[in-house]
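Notes to accompany the following structure.
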Protein chains: 2
Amino acid sequence: MLSMKSQYAFKALSYLTLKFNEGPVLISEIAKKKKIPLKFLENILLELKKAGILDSKKGKGGGYFLKQRPEKVKVATVIRLINGPIAMLPCVSLYFYERCKNCDEKKCGLHDMMVEVRDATLQIVENRTLKDLVM
Amino acid sequence: MLSMKSQYAFKALSYLTLKFNEGPVLISEIAKKKKIPLKFLENILLELKKAGILDSKKGKGGGYFLKQRPEKVKVATVIRLINGPIAMLPCVSLYFYERCKNCDEKKCGLHDMMVEVRDATLQIVENRTLKDLVM
DNA sequence: TCATTACCCCACCAACCCGGTGGACTGAAT
DNA sequence: ATTCAGTCCACCGGGTTGGTGGGGTAATGA
């Protein structure tokens with residue numbers, strides 16, 4: 001399941017997508033409109049900024065805004081960044097791979113099935129962007 | 001991600017599937033063969049029994065065994081039991097549904113996408129059984 | 001320049017979950 | 001009665017989740 005943090009991230013990003021090209025948006029505005037705890041949102045936005053998804057401007061008239069066009073930001077990227085692995089097992093994860101202990105991947109039925117699940121999921125989240133979230 | 005507990009559950013169930021119709025299997029045998037901490041495995045098997053997937057026999061010659069035929073036990077059932085929801089959001093879960101707060105399901109882009117992910121996943125795990133894990 | 005604005009950063013918190021352990025008890029078979 | 005093996009319950013350390021508080025610092029604009 002996606003954590004609260006991930007859900008907040010998507011809400012905030014949706015909001016910033018709608019406000020794309022309208023200049024910086026205050027954290028407090030996003031927090032209020034999307035009903036996200038202010039300080040918690042601060043952390044999330046900062047993390048998204050460090051990952052290169054958002055950018056910010058300090059001082060009066062400052063705030064956060066999308067660094068890239070909404071259709072350039074894949075949903076999968078955001079999930080991996082804020083929530084972690086998309087796959088159901090470490091041994092089938094593309095970005096967070098870890099070998100199974102005591103289990104031969106070559107002939108593990110669970111492994112094979114989870115590869116299928118992973119691919120079916122990626123098929124969707126790798127091909128959707130922030131733009132799709134607000135349409 | 002599936003928890004260790006879930007992975008242990010699948011390992012144990014695979015083993016019991018191979019030993020199907022050979023009578024009760026000792027917890028200690030499963031623990032040893034599958035390298036699962038004994039006491040932890042105890043809890044897991046008990047949970048699977050309470051859910052009607054396994055049955056057990058006490059005393060000498062006792063142990064655990066599958067209550068139903070391996071092809072009758074869906075992977076999805078085991079995941080839901082030991083790991084919890086399969087969906088990525090509470091508001092798209094079929095068995096663990098919870099309403100989103102401050103988010104209209106009718107027009108939430110994330111919601112719609114997660115319904116797709118859920119269905120793609122269920123397509124797989126609802127149609128695979130313990131038997132498929134050992135083939 | 002200088003105050004204000006608003007992001008930046010760090011430390012901390014309670015509650016919960018995960019992975020696992022210890023010990024006592026109960027029921028069945030010999 | 002004894003032994004075997006599952007049942008039950010309580011507990012535990014450590015990590016994660018979902019926050020909160022407070023001060024620091026960079027940019028703005030008057």
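Order of the sequence lines fixes the chain letters, A, B, ..., with proteins taken first and strands second; residue numbering starts at 1 for each chain. Please read these numbers as outputs of a predicted model, since none were measured by experiment. For the numbers below, each heavy atom of this structure counts, side chains included, while hydrogens, waters and symmetry mates do not.
The CG atom of B/L46 sits 14 Å away from the P atom of D/dA10 (whole-angstrom rounding). The CG atom of B/L2 sits 18 Å away from the P atom of C/dC17 (whole-angstrom rounding). As a whole-Å value, the separation of B/L38 CG from D/dA5 P is 12 Å. When rounded to the nearest whole Å, the span between OH of A/Y64 and C1' of C/dC8 equals 7 Å. Between B/N43 atom CG and C/dT21 atom P there is a gap of 11 Å when expressed in whole angstrom units. D/dG6 atom P lies 10 Å from atom CD of B/E29, rounded to whole Å. A straight line from CG of A/L48 to P of C/dC8 spans 12 Å, rounded to a whole angstrom. Rounded to an integer number of Å, the gap from B/L45 CG to D/dG6 P is 9 Å.
Remark on DNA chain C: of its neighbouring residues B/K60 and B/N83, the 5'-side contact belongs to B/N83, judged by nearest-heavy-atom nucleotide. Both B/V25 and A/E42 lie near DNA chain D, and the one whose nearest nucleotide falls closer to the 5' end is B/V25. Each of B/S56 and A/S3 lies near DNA chain D, and the nucleotide nearest B/S56 is the one positioned closer to the 5' end.
Side chain of B/K58, nearest nucleotide from D/dC9, D/dG6, C/dC8: D/dG6. Here the side chain of B/K5 is nearest to one of C/dT30, C/dG19, D/dG19, namely C/dG19. Side-chain atoms of B/M4 lie closest to C/dG19 of the nucleotides C/dG19, C/dT30, C/dC7.
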Q: Applying salt bridge (Lys or Arg N to Asp or Glu O under 4.0 Å), run through B/R80 and B/E126 and close with a yes or a no.
A: CA-CA 11 Å; B/R80 289 198 183 98; B/E126 287 282 12; 3.0 Å; yes
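Not one side-chain nitrogen or oxygen of B/K39 sits closer than 4.0 Å to the OP1 or OP2 atom of C/dG22. Dashed line: the shortest gap from a side-chain N or O of A/K49 to OP1 or OP2 of C/dC8 is under 4.0 Å. Between C/dA29 and B/K57, a contact under 4.0 Å exists linking OP1 or OP2 to a side-chain N or O. Contact annotation: A/Y8 side-chain N/O to D/dG19 OP1/OP2 distance is under 4.0 Å. Contact check, B/K50 against D/dC8: a side-chain N or O comes under 4.0 Å of OP1 or OP2.
The line from CG of B/L13 to CG of B/L133 is 8.5 Å long, rounded to the nearest 0.5 Å.
Contacts of B/L26 with the nucleic acid, taken as non-hydrogen atoms under 4.0 Å apart, involve only primed sugar atoms and P, OP1 or OP2. Nucleic acid contact for B/I27: sugar-phosphate only, since backbone atoms but no base atoms lie under 4.0 Å from a heavy atom of the residue.
The side-chain contact (heavy atoms from CB on, under 4.5 Å) with B/I36 is formed by just one residue from the set B/M4, B/K11, B/Q7; it is B/K11.
Formation of a donor-acceptor pair under 3.5 Å by the A/Q123 side chain with backbone atoms of B/A120 is not found in this model. At distances below 3.5 Å, at least one donor-acceptor pair connects side-chain atoms of A/N83 with backbone N or O atoms of A/S3.
Checked for salt-bridge contact, A/K32 and A/E29 miss the test: no charged N lies under 4.0 Å from a carboxylate O.
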